[in-house]
> 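So that we are looking at the same thing, I have put the structure below in structure tokens.
Residue indices begin at 1 and follow the sequence shown.
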Amino acid sequence: GIDNRGYDGLAQQQLDQSVPPDWNEAYVIAADLAPEHPLVVADTPMHGPNVWPADMVGWRHQIEAFYETARLVSPLLLRAIALSLDLEERHFDRFITEPIATLRMLHYPPAAAGMPPGQVGAGAHTDWGAVSFVVQRGEPGLQVQLEDGSWLDVEPDPAAIVVNLGDLMARWTNDRYRSTVHRVLSPTRTSRYSMAFFMDLDYHARVQCLPTCTDADNPPRYPATTAGEHLMAKYRAAMASSGL
């Protein structure tokens with residue numbers, strides 16, 4: 001099955017299918033599950049062991065520490081969101097017992113001569129899951145789309161973490177909270193590096209309109225789904241469109 005771990009090469013993903021594949025490469029880790037873990041035994045997509053370079057032990061320890069920190073912070077943000085929606089503070093805890101929580105370490109090479117027209121570091125897209133964290137420094141490139149369709153630069157700040165809301169949060173809240181359209185332009189001078197952490201819920205978590213986000217004048221806009229069904233549909237579309 002699809003485990004979404006290890007190295008993703010240049011132009012292997014196409015987040016915006018109206019432009020050429022994304023000009024970035026990534027190294028991906030997620031929950032490090034043993035082969036005997038029930039979710040792995042069941043061949044659940046996006047579950048399994050991580051893949052690590054054998055000669056970078058110190059780097060692995062640093063990345064695992066960052067991953068665990070992001071994994072611990074995610075529920076705190078979800079609890080704040082729950083309170084803002086007039087829900088019990090720990091309402092979302094039940095959906096992240098063994099979550100798909102993925103860290104992508106991204107390298108965006110400078111724009112090169114001969115690139116296809118329209119190709120950028122990452123095409124315009126929304127994140128697929130619940131909430132995301134982005135750490136960036138050095139070269140700029142991240143842009144968020146505003147209501148009028150224009151783009152706002154999100155300048156790198158080593159002391160800040162960018163928070164995105166994803167599609168599953170939009171589905172839960174009936175678009176009261178909307179997933180953020182964003183893209184990454186290729187740098188012009190030197191490489192851009194960033195890390196993106198995606199909290200995407202338990203694979204079998206059921207996502208349907210929250211009772212506090214619907215009424216007679218505002219019926220549910222999305223059918224119920226599971227996190228796994230939604231994520232796999234998005235993942236397959238992004239991979240298939242790039243030719244993989």
> Give the intermediate values and the outcome of salt bridge (Lys or Arg N to Asp or Glu O under 4.0 Å) for residues Asp202 and Arg94.
CA-CA 9 Å; Asp202 296 346; Arg94 74 195 79 172; over 6 Å; no
> What pair of heavy atoms forms the shortest contact from Met199 to Pro99, and how long is it?
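Smallest interatomic distance, heavy atoms only, reads SD-CB, 3.7 Å.
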> What residues, two or more places apart in sequence or in another chain, satisfy salt bridge (charged side-chain N to carboxylate O under 4.0 Å, His left out) together with Asp93?
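In terms of salt bridge (charged side-chain N to carboxylate O under 4.0 Å, His left out), with neighbours along the sequence ignored, Asp93 is linked to Arg79, Arg90.
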> Give a yes-or-no answer on whether the side chains of His107 and Ser191 include a donor-acceptor pair shorter than 3.5 Å.
yes
> Do you know which two heavy atoms are closest between Arg5 and Pro49, and how far apart they sit?
CD-O, 2.9 Å
> State whether a side-chain donor-acceptor pair under 3.5 Å links His182 with Asp127.
yes
> Do you know the tightest heavy-atom contact between Ala101 and Arg71?
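Heavy atoms only, the tightest pair is CB-CD, 4.3 Å.
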> May I ask you to decide whether Arg178 forms a salt bridge with Glu147, counting only side-chain N to carboxylate O separations under 4.0 Å?
yes
> Just list the side-chain donor-acceptor pairs under 3.5 Å for residues 57-66, sequence neighbours left out, or say none.
from: Arg60; atom 1: NE; to: Glu64; atom 2: OE2; distance (Å): 3.1
from: Arg60; atom 1: NH2; to: Glu64; atom 2: OE2; distance (Å): 3.4

> State whether the side chain of Asn50 and the backbone N or O of Ala30 hold a donor-acceptor pair below 3.5 Å, judged by distance alone.
yes
> Using modelled atom types and a 3.5 Å cut-off, is there a donor and acceptor pairing between side-chain atoms of Asp157 and backbone atoms of Ala159?
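Yes, the answer is positive, given that a donor and an acceptor are paired below the 3.5 Å cut-off.
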> Considering only distance and modelled atom types, tabulate donor-acceptor pairs under 3.5 Å from the side chains of residues 33-42, sequence neighbours left out.
from: His37; atom 1: ND1; to: Leu39; atom 2: N; distance (Å): 3.1
from: His37; atom 1: NE2; to: Glu98; atom 2: OE2; distance (Å): 2.6

> Identify, with sequence neighbours excluded, every residue that meets salt bridge (charged side-chain N to carboxylate O under 4.0 Å, His left out) alongside Arg183.
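Here no residue qualifies.
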> Please confirm whether the ring centroid of Tyr67 lies under 6.0 Å from the ring centroid of Phe197.
yes
> For residues Leu165 and Trp172: do they belong to one hydrophobic cluster (side chain heavy atoms under 4.5 Å, members Ile, Leu, Val, Met, Phe, Trp, Tyr)?
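Same cluster: Leu165 reaches Trp172 through Ile, Leu, Val, Met, Phe, Trp or Tyr contacts under 4.5 Å.
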> Please enumerate all residues that pass side-chain contact (heavy atoms from CB on, under 4.5 Å) together with Leu85, with sequence neighbours excluded.
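Leu85 satisfies side-chain contact (heavy atoms from CB on, under 4.5 Å) with Ile81, Leu87, Phe92, Thr173, Arg176, Tyr177, Leu210, Thr212, Cys213 once adjacent residues are dropped.
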> So, for Ala122 and His125, which heavy atoms are closest and what is the spacing to 0.1 Å?
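Residues Ala122 and His125, closest heavy atoms: CB-CE1, 4.4 Å.
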> Is it true that a side-chain atom of Gln136 and a backbone atom of Val154 form a donor plus acceptor pair closer than 3.5 Å?
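Yes, because the side chain of Gln136 sits within donor-acceptor range (under 3.5 Å) of the backbone of Val154.
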> Just by modelled atom types, is the Gly121 backbone N or O under 3.5 Å from a matching donor or acceptor in the Ser186 side chain?
yes
> Looking at Asn174, Asn218, Asp175, which hits side chain to side chain contact (heavy atoms under 4.5 Å, CB included) with Cys209?
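It is Asn174; the other options fail the test.
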> Which atom names give the shortest non-hydrogen contact between Gly9 and Glu25, and what distance separates them?
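Looking at all heavy atoms of both residues, the shortest contact is C-CB, 4.1 Å.
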> Check whether Ile100 and Trp128 end up in the same hydrophobic cluster, where Ile, Leu, Val, Met, Phe, Trp and Tyr are linked by side-chain heavy atoms less than 4.5 Å apart.
yes
> Side chain to side chain contact (heavy atoms under 4.5 Å, CB included) with Leu15: which of Asn24, Val120, Asp22?
Asp22
> With sequence neighbours left out, write down each residue that passes side-chain contact (heavy atoms from CB on, under 4.5 Å) with Leu152, or none if nothing qualifies.
Leu146
> At their closest point, which heavy atom of Pro45 faces which heavy atom of Met232, and how far apart are they?
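Shortest heavy-atom contact: CB-SD, 3.6 Å.
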